[in-house]
Amino acid sequence: MFRGAVRDRLIGVDPSEGVRLPRTRRAEVAMSLPSPRQVAALLKSADPRFRPFVALCAFAGLRLGEAAALRASDLDFERGKISVSRQVQRENGRGVEIRAPKYGSERVVHVSDELLSLVKDYIATYRQNGVASRWLFEGSAGDPPHQNTVGYWWRLTRTAARCEELRLHDLRHFFASGLIAAGCDVVAVQRALGHSSATVTLNTYAHLWPSAEGRTRLESSRLFADVAGQPDELVTNREAA
């Protein structure tokens, strides 16, 4: 910004010149990655009205504002997908503002039947009198919940689950790590998370992808297991061909 101001001759000298930026922590050090046991405890401890919110963050990778802005019509139970087209932001007057997702990350997330079944049961129990355009979760005055409300629900949940160190956003990391462990490539993870570019995905999660050496060892192990599992018979070159 200062360099641009100098170029535009708005200021004569860049006051940030020579200033060293603080070192940033490596992603693998700064990131808290919940374990499956912790996620299970969070789901069990969550209030039934908040449980699907937690599940949408953990198993669809939604950001807080994206999950808060969901309508029932955004969920396609037949095709197994969720359309993310808006997010909730808090206004200064404690109201809510609905806007496009972060960095224009509108997307469709393909999700499991188990997640959709959980949300469907929630709708049948708590939202059965609503219409498809109604907010899936409600705060005050019929508005979707803003981050303060969700933050309160989350603190109650993580305290009950004894996971005080976890943030709600860490569930998004849990989802990403699951996709990577399943063998999804960078572009697939980028699209599922709604990142603006594959570079953002790599900068955040590169340490979770197995290294070339790790993949080599894994494939070598698989080859060994395939051979060791064969009948104890002599295999000739002709038979192998």
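Numbering starts at 1 and runs along the sequence shown. Computed from a predicted structure; not experimentally measured.
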Identify the two heavy atoms, one from Phe174 and one from Ala58, that lie closest to each other, and give their separation to 0.1 Å. CD2-O, 3.5 Å
Nearest heavy-atom neighbours spanning Leu136 and Arg127: O-NE, 3.4 Å
Are Trp135 and Ile98 side-chain neighbours, meaning at least one heavy-atom pair lies under 4.5 Å? yes
What about Leu179 and Leu202, same hydrophobic cluster or not, with Ile/Leu/Val/Met/Phe/Trp/Tyr joined at side-chain heavy-atom distances under 4.5 Å? yes
To the nearest 0.5 angstrom, please state how far the CG atom of Asp14 sits from the CE atom of Met1. 9.0 Å
Flag the pair Arg167 and Asp170 as a salt bridge only when some basic side-chain nitrogen lies within less than 4.0 angstrom of an acidic carboxylate oxygen. yes
If I take atom NE2 from residue His169 and atom OG from residue Ser32, how far apart are they, to the nearest 0.5 angstrom? 11.0 Å
Looking at every non-hydrogen atom in both residues, tell me the closest pair between Gln87 and Gln89 and how far apart they are. OE1-NE2, 3.3 Å
Would you indicate whether the side-chain heavy atoms of Pro144 and Val96 approach each other to under 4.5 Å? yes
Given Asn203, Val186, Val200, Val189, the one that forms side-chain contact (heavy atoms from CB on, under 4.5 Å) with His195: Val200
Take a 6.0 Å sphere around CD of Glu165 and say whether it holds more than 12 heavy atoms from other residues, nucleotides or ligands. yes
Are any side-chain N or O atoms of Asp8 and backbone N or O atoms of Leu10, one a donor and one an acceptor, separated by less than 3.5 Å? no
Heavy atoms of Leu70 and Ser83 approach each other most closely as CD2-O, 4.0 Å
Please check: side-chain N/O of Ser117 versus main-chain N/O of Asp113, any donor-acceptor pairing under 3.5 Å? no
Are Leu208 and Leu193 grouped together when hydrophobic residues (ILVMFWY) are joined by side-chain heavy atoms under 4.5 angstrom apart? yes
Check: Tyr122 ring centroid to Phe137 ring centroid under 6.0 Å: yes
Would Met31 and Thr204 count as a side chain to side chain contact (heavy atoms under 4.5 Å, CB included) here? Give the steps. CA-CA 9 Å; Met31 180 181 298; Thr204 308; 3.9 Å; yes
With a 4.5 Å cut-off on side-chain heavy-atom distances among I, L, V, M, F, W and Y, is there a chain of contacts connecting Leu118 to Val111? no
Donor-acceptor under 3.5 Å (Arg51 side chain, Leu43 main chain): yes
Rounded at 0.5 Å granularity, tell me how far CZ in Phe59 sits from CG in Leu116. 12.5 Å
Shortest non-hydrogen pair, Ala60 vs Ile82, comes out as CB-CD1, 4.4 Å
How many angstroms lie between atom NE2 of His207 and atom OG of Ser177, to the nearest 0.5 angstrom? 9.0 Å
Could you go through Gln147 and Leu64, starting from their C-alpha distance and side-chain angles, then the distance that decides it, and tell me whether this counts as side chain to side chain contact (heavy atoms under 4.5 Å, CB included)? CA-CA 7 Å; Gln147 56 263 44; Leu64 184 158; 4.0 Å; yes
Only one of Arg172, Arg86, Arg107 forms a side chain to side chain donor-acceptor pair (under 3.5 Å) with Glu66, so which one is it? Arg107
Are Trp154 and Leu42 close enough, and set up right, to give a side chain to side chain contact (heavy atoms under 4.5 Å, CB included), and what steps lead you there? CA-CA 9 Å; Trp154 171 248; Leu42 289 165; 3.6 Å; yes
Would you say Thr159's side chain and Leu156's backbone share a donor-acceptor pair under 3.5 angstrom? no
Steps toward side chain to side chain contact (heavy atoms under 4.5 Å, CB included) verdict (Phe53, Leu171): CA-CA 11 Å; Phe53 197 108; Leu171 297 179; over 6 Å; no
Verify, without hydrogens or angle tests, whether Glu138 (side chain) and Asp143 (backbone) share a donor-acceptor contact under 3.5 angstrom. no
Side-chain donor or acceptor of Thr125 paired with backbone N/O of Asp121 under 3.5 Å: yes
Which atom names give the shortest non-hydrogen contact between Pro145 and Ala68, and what distance separates them? O-CB, 3.4 Å
Linked, directly or transitively: Leu62 and Ile123 (ILVMFWY side chains, under 4.5 Å): yes
Between Ser112 (side chain) and Leu115 (backbone), is there a donor-acceptor pair under 3.5 Å? yes
Following the transitive rule for hydrophobic clusters with a side-chain heavy-atom cut-off under 4.5 Å over Ile, Leu, Val, Met, Phe, Trp and Tyr, establish whether Phe77 and Val109 coincide in one cluster. yes
When you look at CD of Glu17, are more than 12 heavy atoms from neighbouring residues, nucleotides or ligands closer to it than 6.0 Å? no
Roughly how far apart are Leu33 CG and Tyr205 OH, rounded to 0.5 Å? 9.0 Å
Would you mind reporting whether Trp153 and Asp47 have side-chain heavy atoms less than 4.5 Å apart? no
